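Only this structure's heavy atoms are used, side chains among them; waters, hydrogens and symmetry mates stay out. Letters go in sequence order (proteins before strands), and every chain restarts at 1. On a predicted model such as this, the values are computed, not experimentally measured, just so you know.
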Amino acid sequence: MAEGAGEEKKKFSIWDLPDVPVGQLPPHLELQRSRVSCNKDAPIHTESIQYSGAYASMGIDNSSRLDRFSNNFRVEVVRLNEDDMEFDMIGIDAAIANSFRRILIAELPTMAIEKVLIANNTSIIQDEVLAHRLGLVPIRVDPRLFDYLSENDQPNEKNTVVFKLHVQCKRGSPRITVKSDALKWLPNGSELVKETRNATSDSSSKPETYTYFGCSQETIPEFVKNPIIPKYPDIIIAKLGPGQEIELEAHAVKGIGKTHAKWSPVATAWYRMLPEVVLLEDIEDDLAEELKSKCPVNVFDIEDLGKGRRRATVARPRACTLCRECIRGDDWEKRVALRRVKDHFIFTIESTGALPPEVLFTEAVKILEDKCERVITELS
Amino acid sequence: MEHGSFTDNSVATFSLTDEDHTIANAVRFTLNQDPRVTFCGYSIPHPSEARVNIRVETTGDPARKVLKDACQYLMLMCRHVRCTFDKAVEDFKASNAVKAMKIDSQDSSGDDSEESE
């Protein structure tokens, strides 16, 4: 009996089954690989399957070669203003998208006020609080035109921008609010004179100030028509009562967000994965009306089938905030599936004003390339 | 800095200073995509210290070379991203300019028709 069974046993291959697609994954595995399923309690399949041999037993090559990446990768810009932009990146992995986001927030250089030399402050705002507030004011200047100022360097026209603030509230006049447009740019450098211990002081030579500007910054072509000013003129810095005065000089230097958040060039930058709302079965009539009213952002729409029958359709899946209202309640999980597409990222970048957002993103990609190059040179 | 063994150069741990998740996660992703890699991962020994350890184990090729190839692949990907992004922004600006011109010409033609009547 056993021998008879052995002779009849043939080699059986799964590829002989009629409905298994050859050369690609079966649909349930493709769903697992490319979509995050957002269920009522928690999302599942959130990790991205990166290992090149993940589907080796099925004969599928999961590795991404550069030509496949180049063919599949797309960028679509949705909105682009002077201050913010929203664009879609399709075909990239979360690891790279997150690297771009981290670099945008923490490693793109900007200019911000670092040293504040206070000559006179009789206001009720303390010196350090005033200096802190001045540091957070965004300055409209291209940081690529400047160098970093390290401890051994002297502040000169290539690494420092000097501002002056001199406000006084005279006795008898009402209280005034000091806004950021009171910051005046000094293209010739600092005007505060350093006290030198030199007894033999020649009155003919220029007194030494806190910066050593070789030439005026006004002569640099980029600044001829665009003086350096704070981006928003109506930021409240301090308030003065009668008889109070503030006289100070602020030096702005180049830095990155990692050191202090004032040097971050984005108000913030974030991404989300494209939501996908799928109706698993036809939803008609009253159920359709109920579904449409449940969604707070109007993802669903009703279409008429004729003869008074209506059906629900997904009209705006991109607006879905995944509040899961549509799958709350009995049985709704069987009718509506909420998913996210794992390689489609909706990026939003809000710039604080130093650079336009599309330039910020290009610079962020350049910085990632520089980091890779550093690693490569260290390895060779 | 590479910590490996003198006899077997297909497995090694690379310790990078002044780096964090930004580049480590991206390099780990590209390493995983390489078919020669059997195991790769990264860890940050202490969050206050900017150091990353990347572990690479391959099917025979020297680990150093595989890591270098992964970094170069990442660089090529970044370049491609940059080109595609620049092109998309240019196309968007161009199409917006065309739309603005169309709206302007529609307004002006509307005025003309009113004047003629």
If one checks every heavy atom of R101(A) against chain B at 4.5 Å, the contacting part turns out to be neither

Plane angle bin for F69(A) and F73(A) - parallel if under 30°, tilted between 30 and 60°, otherwise perpendicular: parallel

Is R79(A) salt-bridged to D84(A), going by a charged N under 4.0 Å from an acidic O? yes

Part of L31(B) lying under 4.5 Å from any heavy atom of chain A: neither

Select, from V78(A), D370(A), V75(A), the one with the greatest count of heavy-atom pairs under 4.5 Å involving chain B. V75(A)

Select one option (side chain, backbone, both, neither) describing which atoms of F92(B) are under 4.5 Å from chain A's heavy atoms. side chain

Smallest heavy-atom separation, L74(B) atom then C372(A) atom, equals CD2-SG, 3.3 Å

Answer yes when D61(B) and R36(B) have at least one side-chain N-carboxylate O distance shorter than 4.0 Å, and no when they do not. yes

N96(B) versus chain A, the contacting section by heavy-atom distance below 4.5 Å: neither

Taking the six-membered ring for Trp, is the centroid-to-centroid distance between F85(B) and F87(A) below 6.0 Å? yes

Quick one: what part of V27(B) sits under 4.5 Å from any heavy atom of chain A, side chain, backbone, both or neither? neither

So, using side chain to side chain donor-acceptor pair (under 3.5 Å) as the criterion, who are the partners of Y42(B) when residues are at least two apart? H21(B)

If you count heavy-atom pairs under 4.5 Å between each of D20(B), L76(B), T38(B) and chain A, which one has the most? D20(B)

Heavy-atom pairs under 4.5 Å with chain B: which of M85(A), E358(A), E107(A), E76(A) has the most? E358(A)

Quick one: of V81(B), V89(B), N25(B), who has the most non-hydrogen atom pairs under 4.5 Å with chain A? V81(B)

Considering only heavy atoms, which portion of E373(A) lies under 4.5 Å from any heavy atom of chain B: side chain, backbone, both, or neither? both

For V77(A), which atoms come within 4.5 Å of any heavy atom of chain B: side chain, backbone, both, or neither? both

Rounded to the nearest 0.5 Å, how far apart are CZ of F345(A) and CE of M273(A)? 6.0 Å

Residues that K65(B) engages under side chain to side chain donor-acceptor pair (under 3.5 Å), provided they are two or more places apart: D69(B)

Considering only heavy atoms, which portion of E19(B) lies under 4.5 Å from any heavy atom of chain A: side chain, backbone, both, or neither? side chain

